[in-house]
Amino acid sequence: MSRWNELPAELHPHVHQLIVRLRRLKDGSELSTRRLAARTGYSAKSWQRYLNGRSLPPREAVEAMARIGGEDPTRLLALHEIAVQRWAEGRTGRTVTTGAPENPSATPADAPAPAKPQPHGRHLRVAVAAGAVVTVLSVSVALVLAVRLTEARAQLARERGGAAATAPATWSESMVPVLYTCRLKQRDGRWYAGLSRTTDVLLSNTQVGLEVAEAQCLLRRAGAEPGDIDGSFGPKTRRAVERMQKQNGLIVNGVIDPPTWQALREADPK
């Protein structure tokens, strides 16, 4: 097993937890960083930075590591999403300390007067940096949703056996949302919408598919409006999940986990 360097103390606990999980997966795979680079497409130097806490790995690298380690990537990606937020908060919230004076032999009388602090300028720079991070994250989430929605359309077409399964979709066609129909039925004291029977798949931001559409149908039945039943886990769906979790006394994390599925499938929403 690899002997790892100690992670930087300033890392947020959620970021620390993600990196420790990635380290365990690498140890379990018994791959060197070079072989890991060949398997994932990310360079050995990049993996050294990721696994030593010097930079945050992208979502695709985390997903690739999960698959190499034989782990369901859903839980690891949910942790990565939280780590991205904490990493951004840590980067924008750090302050910079000044170094030693250029002339250390100068007496206090000779030394130049210290510059007056300019809190407004510093706060403005921090605000601009935070805004830039939020913008980048928002654009990234939107692009991921668009790509995954395209994949979901292709999968749906193949399942239906239509001509669209063999014809490549144009960009404009891929942006047209797929709307699902909720066919709510109660079986053995539980509700189902006819799209998925899962009770334990973790769902969070940027995920798409029939499981998301099933959850959206059940959220609507429970009185937490998720927007269109399009199988795309976006901001509206996340807010609906949080409202439903709060109403049912669950942990409010915006992630559909097994306890949330159980509450969604209950006969009578609280």
Side-chain angles (χ1 to χ4, degrees), residues 1-97 129-130 132-134 136-138 140-141 143-145 148 198-208 211 233 238 241-242 245 250-261:
M1 182 175 292
S2 303
R3 296 180 62 182
W4 296 102
N5 295 329
E6 187 175 354
L7 290 172
E10 65 270 16
L11 286 181
H12 189 279
H14 286 135
V15 179
H16 188 282
Q17 182 182 1
L18 173 66
I19 296 175
V20 170
R21 293 276 295 277
L22 293 176
R23 285 180 170 186
R24 290 175 181 172
L25 289 174
K26 179 185 179 300
D27 288 340
S29 69
E30 298 184 350
L31 295 176
S32 65
T33 52
R34 289 187 178 181
R35 293 177 61 190
L36 187 61
R39 293 280 298 274
T40 63
Y42 292 87
S43 68
K45 290 185 178 180
S46 295
W47 276 112
Q48 290 171 3
R49 292 196 303 272
Y50 302 155
L51 296 173
N52 285 290
R54 295 196 298 270
S55 63
L56 192 66
R59 177 187 177 90
E60 292 76 11
V62 173
E63 187 172 6
M65 178 67 87
R67 297 191 186 283
I68 288 173
E71 180 175 322
D72 183 0
T74 305
R75 298 176 183 273
L76 203 58
L77 291 176
L79 178 59
H80 176 264
E81 181 183 348
I82 299 174
V84 169
Q85 299 173 358
R86 301 309 183 198
W87 184 272
E89 292 173 2
R91 290 285 173 169
T92 57
R94 291 175 187 166
T95 58
V96 179
T97 58
V133 170
V134 172
V136 170
L137 290 175
S138 300
S140 300
V141 170
L143 289 175
V144 171
L145 281 173
R148 293 191 174 188
T198 184
T199 58
D200 57 4
V201 172
L202 285 179
L203 300 176
S204 59
N205 274 351
T206 76
Q207 291 186 255
V208 298
E211 290 84 1
F233 200 121
R238 182 184 180 92
V241 172
E242 291 173 347
Q245 290 173 330
L250 302 173
I251 297 175
V252 181
N253 55 13
V255 176
I256 300 180
D257 48 19
T260 305
W261 276 116

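Residue numbers start at 1 and run along the sequence shown. Keep in mind it's a predicted model, so treat the numbers as computed, not measured. Below, each value reflects all heavy atoms present in this structure, side chains not excepted, and no hydrogens, waters or symmetry copies.
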How long is the span from the OG1 atom in Thr74 to the CD1 atom in Ile256, to the nearest 0.5 Å?
12.0 Å
Separation of Ile68 CD1 from Leu36 CG (nearest 0.5 Å):
5.0 Å
In short, Glu60 meets Tyr42 closest at the heavy-atom pair CB-OH, 3.3 Å
How far does CG of Asp257 sit from CG of Leu250, to the nearest 0.5 angstrom?
7.5 Å
Glu81 pairs by salt bridge (charged side-chain N to carboxylate O under 4.0 Å, His left out) with which of Arg75, Arg238, Arg86?
Arg238
Show your reasoning for whether side chain to side chain contact (heavy atoms under 4.5 Å, CB included) applies to Val62 and Tyr50.
CA-CA 10 Å; Val62 173; Tyr50 302 155; over 6 Å; no
What distance do Lys26 atom NZ and Arg35 atom CZ have between them, rounded to the nearest 0.5 Å?
10.0 Å
State, with a plain yes or no, whether a side-chain heavy atom of His80 is found less than 4.5 Å away from one of Val84.
yes
Counting distance only, does the side-chain N/O of Gln245 pair as donor-acceptor with the main-chain N or O of Val255 below 3.5 Å?
yes
If you compare all heavy atoms of Ala83 against all heavy atoms of Leu18, which two are closest, and at what distance to 0.1 Å?
CB-CD2, 3.8 Å
Here the pair of heavy atoms bringing Leu202 nearest to Pro258 is CD2-CD, 4.0 Å
Would you name the heavy atoms of Gly53 and Pro8 that are closest together and state the gap between them?
O-CG, 4.1 Å
Any donor and acceptor pair, going by atom type alone, linking the side chain of Asn52 with main-chain N or O of Arg54 inside 3.5 Å?
no
Identify the heavy atoms of Val15 and Trp87 that sit nearest to each other, and give their distance.
CG1-CE3, 3.8 Å
Any side-chain heavy-atom pair from Val20 and Leu7 closer than 4.5 angstrom?
yes
Heavy atoms of Trp47 and Thr40 approach each other most closely as NE1-OG1, 2.9 Å
How many angstroms lie between atom CG of Leu76 and atom CG of Leu22, to the nearest 0.5 angstrom?
5.5 Å
To the closest 0.5 Å, what do you measure between NE2 (His14) and CD1 (Ile82)?
5.5 Å
Do any N or O atoms from the side chain of Arg23 and from the backbone of Leu51 form a donor-acceptor pair under 3.5 angstrom?
yes
